Number of protein chains: 2
Amino acid sequence: MKKRATVIDVAALAGVGASTVSRYLRDVRVKPAAAKRIREAVETLGYELDETARALRIGRTRTIGVILPKISNVFFSQAMQLIEEDARQRGCTVIPLTHQDRMSQQQDNLAKLRRFRADGVIITSAPGTVAAEVQAALPHVPIVAFDSFLASDIDSVLLRNREAARMGTEHLLGHGYKNIACVTGKPEIYSFKERITGYKEAMASRHLTPTIITAQDYDQLRFVLGVALQGKKRPTALLSLSDFATLNVLMTFRELGLKPADRLPIIGFDDFGFAPLVDPPLTVIRQPIDTMVHYALNMLFSRIEGSGSKEPQSISLPGELICRRSCGCS
Amino acid sequence: MKKRATVIDVAALAGVGASTVSRYLRDVRVKPAAAKRIREAVETLGYELDETARALRIGRTRTIGVILPKISNVFFSQAMQLIEEDARQRGCTVIPLTHQDRMSQQQDNLAKLRRFRADGVIITSAPGTVAAEVQAALPHVPIVAFDSFLASDIDSVLLRNREAARMGTEHLLGHGYKNIACVTGKPEIYSFKERITGYKEAMASRHLTPTIITAQDYDQLRFVLGVALQGKKRPTALLSLSDFATLNVLMTFRELGLKPADRLPIIGFDDFGFAPLVDPPLTVIRQPIDTMVHYALNMLFSRIEGSGSKEPQSISLPGELICRRSCGCS
DNA sequence: CTGTTAGCGCGTTCAA
DNA sequence: TTGAACGCGCTAACAG
């Protein structure tokens with residue numbers, strides 16, 4: 001079991017000093033003859049840079065942390081995929097950490113990133129998060145909030161949640177539905193809160209009373225939905241704030257034995273593979289995930305590289321209404 | 001901008017030696033009085049261990065790499081979620097690296113894990129992978145193959161793919177369908193290859209001719225499917241080897257304007273949220289993802305801790321047929 | 001049980 | 001341009 005080669009071994013074999021090897025590895029000018037010998041030495045020894053040693057020395061780990069509620073979720077798994085690809089192209093690795101909407105777990109995540117000296121972090125914060133605490137937990141580490149907002153002095157990129165929810169609600173109103181209910185899990189989550197506001201705004205503009213159907217967990221949500229859909233003042237259309245909420249609505253339709261024709265018109269958030277395949281095909285509000293990730297990483301890396309120590313900015317992108325038939329359009 | 005505290009700072013403030021602090025941090029016995037002073041010093045200085053320095057010193061990073069085709073995929077995103085949770089409980093962090101079924105990208109991933117000194121790796125290898133190369137790329141690093149097989153001397157955990165595909169096919173045969181076609185993307189992927197074999201075995205046992213409907217990318221698959229479903233000798237039932245393939249089959253049904261009643265009976269792999277909601281509800285073969293992840297991490301960590309330097313083992317778990325209606329069951 | 005000391009592998013002075 | 005020497009923050013060996 002021979003040990004792995006170090007710069008010193010390479011230096012010895014190439015007949016140069018260790019620092020010359022170091023320079024060569026970092027693309028600093030080195031005399032061509034030396035460079036050639038070093039290259040050969042690296043080759044024969046199978047030398048490979050040790051990132052942990054480099055990290056200790058220069059204080060940068062080439063690692064970014066991603067704190068999010070859950071990876072197994074269409075929206076976040078797509079975001080993670082894009083983040084990983086982007087980070088890879090920049091020579092960085094990604095550390096995903098989930099908090100499952102629990103503050104204590106988010107604190108653990110922050111502490112872990114501190115110990116691992118992440119160069120930057122992207123965070124979709126848990127409900128109840130205090131911006132200052134996050135800031136304090138990661139001193140001098142660039143942070144960008146993703147799909148959530150922390151404070152005006154922290155970069156963020158998100159969907160124009162209120163506007164998107166208003167758009168969806170108004171589309172339904174345009175079809176003549178009045179008694180539109182809004183269904184969502186965990187209404188204390190930032191983006192849901194915003195969407196609820198947008199929905200209420202749209203309802204208020206027509207002097208209609210908003211109805212929020214919600215529950216802490218999804219089993220309970222299904223129960224509440226069942227009750228609401230069979231009640232006397234049952235809604236005539238639904239705005240669902242997430243793919244998961246939509247799934248539960250459709251499950252409830254099914255459990256209630258509602259035929260496609262008898263199902264309530266519905267618009268959901270997030271476009272996912274099976275949206276066109278349910279009956280009737282689902283009208284959704286799509287989030288521009290790729291653009292969101294793109295902006296988020298650009299902002300993060302420009303902070304990390306210190307190049308742009310400009311004003312913190314908050315980028316918000318519009319949702320796109322993808323009309324299929326569940327909203328009442330033909 | 002004050003610098004972060006180090007063990008030395010803590011030691012000085014507590015009036016002890018640096019190694020005592022180190023011992024305290026690692027839960028090695030320290031005199032209670034000293035422990036108390038150290039605890040206070042840590043508190044007032046806001047000291048936090050530097051994992052990069054520790055990693056350099058002890059040669060372990062408390063990090064495991066996960067190489068997989070793509071995160072945005074129901075199966076893998078669920079697996080990643082479970083891996084992250086499990087690793088967190090063991091005090092480790094996870095580095096996900098995707099290869100998108102490309103060998104060159106997989107090589108890059110392996111090299112990256114080598115530079116970052118990952119303590120272990122879980123890999124769903126790209127088609128064409130040579131076990132020895134992976135082995136050589138990560139000398140002395142425990143590896144476990146997940147949802148793929150590398151070599152008999154490398155731990156692995158996978159679905160009993162052949163058996164599962166046979167079971168699905170036989171279920172369809174039991175309903176009286178003869179001309180069953182198997183649809184899949186990238187048939188060179190390990191688990192698909194195995195499933196194809198299982199399908200063929202089942203067909204052969206009844207002296208029936210197998211038909212594989214496949215294509216390199218999914219747009220093309222949809223085209224091929226369209227042709228196959230309208231041809232003269234069109235199949236009377238379908239076995240779909242992945243959720244993504246199933247999605248494309250259903251899309252094709254839709255593009256062809258087939259009414260639910262006219263759709264071919266189908267059994268798919270992977271149970272996903274919307275499976276019960278398509279029309280007719282989808283019969284699927286569920287993979288026990290949680291159990292698979294559980295075994296994989298147990299094996300990996302027992303190698304990392306060196307406790308069990310026992311024989312390499314290959315664990316294979318049965319799939320579960322979840323009968324809904326798309327298979328012809330009522 | 002504790003403190004002192006010597007590196008882990010690298011990048012970075014600084015003098016040559 | 002280059003090499004020697006030092007130190008990033010931590011743990012392990014050793015002597016007390």
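Keep in mind that what you see is a predicted model, and the values were worked out from it rather than measured. Just so you know, these numbers use all the heavy atoms, side chains as well, and skip hydrogens, waters and symmetry mates. Reminder, nothing fancy here: chain letters follow the sequence lines and each chain counts from 1.
When heavy atoms are screened at a 4.0 angstrom cut-off, B/Ala34 is found touching the sugar-phosphate backbone but no base atom. No engagement by A/Tyr24 is indicated, since no non-hydrogen atom pair under 4.0 Å with the nucleic acid exists. When heavy atoms are screened at a 4.0 angstrom cut-off, B/Thr6 is found touching the sugar-phosphate backbone but no base atom. Contacts of A/Leu49 with the nucleic acid, taken as non-hydrogen atoms under 4.0 Å apart, involve only primed sugar atoms and P, OP1 or OP2. Residue B/Ile58 is classed as a sugar-phosphate contact, given heavy-atom separations below 4.0 Å to backbone atoms only. Among the heavy atoms of the strands lying under 4.0 Å from B/Arg29 are primed sugar atoms or P, OP1, OP2 only; no base atom is included.
In summary, B/Glu40 and B/Lys36 engage in a salt bridge, as defined by a charged side-chain N under 4.0 Å from a carboxylate O. Between A/Arg90 and A/Asp86 there is a salt bridge, since at least one side-chain N of the basic residue sits less than 4.0 Å from a carboxylate O of the acidic one.
Of the listed nucleotides (D/dG9, C/dG9, C/dG11), D/dG9 has the atom at the smallest distance from the side chain of B/Ala53. Side-chain atoms of B/Arg23 lie closest to D/dA13 of the nucleotides D/dA13, D/dT11, D/dT1. In the set C/dT2, D/dT11, C/dG9, C/dG9 carries the atom at the smallest distance from any side-chain atom of A/Arg57. The side chain of B/Arg26 lies closest to D/dT11 when the candidates are C/dC1, D/dA13, D/dT11.
If B/Val16 and A/Arg54 are placed on DNA chain C by their nearest nucleotide, the residue sitting closer to the 5' end is B/Val16. Each of B/Pro32 and B/Arg117 has a nearest nucleotide on DNA chain C; the 5'-most of these lies closest to B/Pro32.
Between B/Leu56 atom CG and C/dA6 atom C1' there is a gap of 13 Å when expressed in whole angstrom units. In this structure, the CZ atom of B/Arg62 is 12 Å from the C1' atom of D/dC10, given to the nearest Å. Put simply, CG on A/Asp50 is 9 Å from C1' on C/dC8, counting in whole angstrom units. Atom CD1 in B/Ile8 sits roughly 8 Å away from atom P in D/dC10 (whole-Å rounding). Distance CZ (A/Arg115) to C1' (D/dC8): 19 Å, rounded to an integer number of Å. The nearest whole Å value for the distance from the CZ atom in A/Arg4 to the C1' atom in C/dC10 is 14 Å. For the pair A/Glu48 CD and C/dC10 P, the computed distance is 11 Å after rounding to whole Å. The interatomic distance linking B/Asp9 (CG) with D/dC10 (C1') rounds to 13 Å, in whole Å.
Enclosure of atom CZ in B/Phe116 by more than 12 non-hydrogen atoms of other residues, nucleotides or ligands within 6.0 angstrom is indicated. At most 12 heavy atoms of other shown residues, nucleotides or ligands fall within 6.0 angstrom of atom OH in A/Tyr295.
The shortest side-chain heavy-atom distance between A/Phe76 and A/Asp147 falls under the 4.5 Å cut-off.
With hydrogens and angles ignored, no donor-acceptor pair closer than 3.5 Å exists between the side chain of A/Ser19 and the base of C/dG11.
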key: CA sep, side-chain torsions, deciding dist, call: B/Arg88, B/Glu84, salt bridge (Lys or Arg N to Asp or Glu O under 4.0 Å)   = CA-CA 6 Å; B/Arg88 196 221 333 275; B/Glu84 192 269 341; 3.2 Å; yes
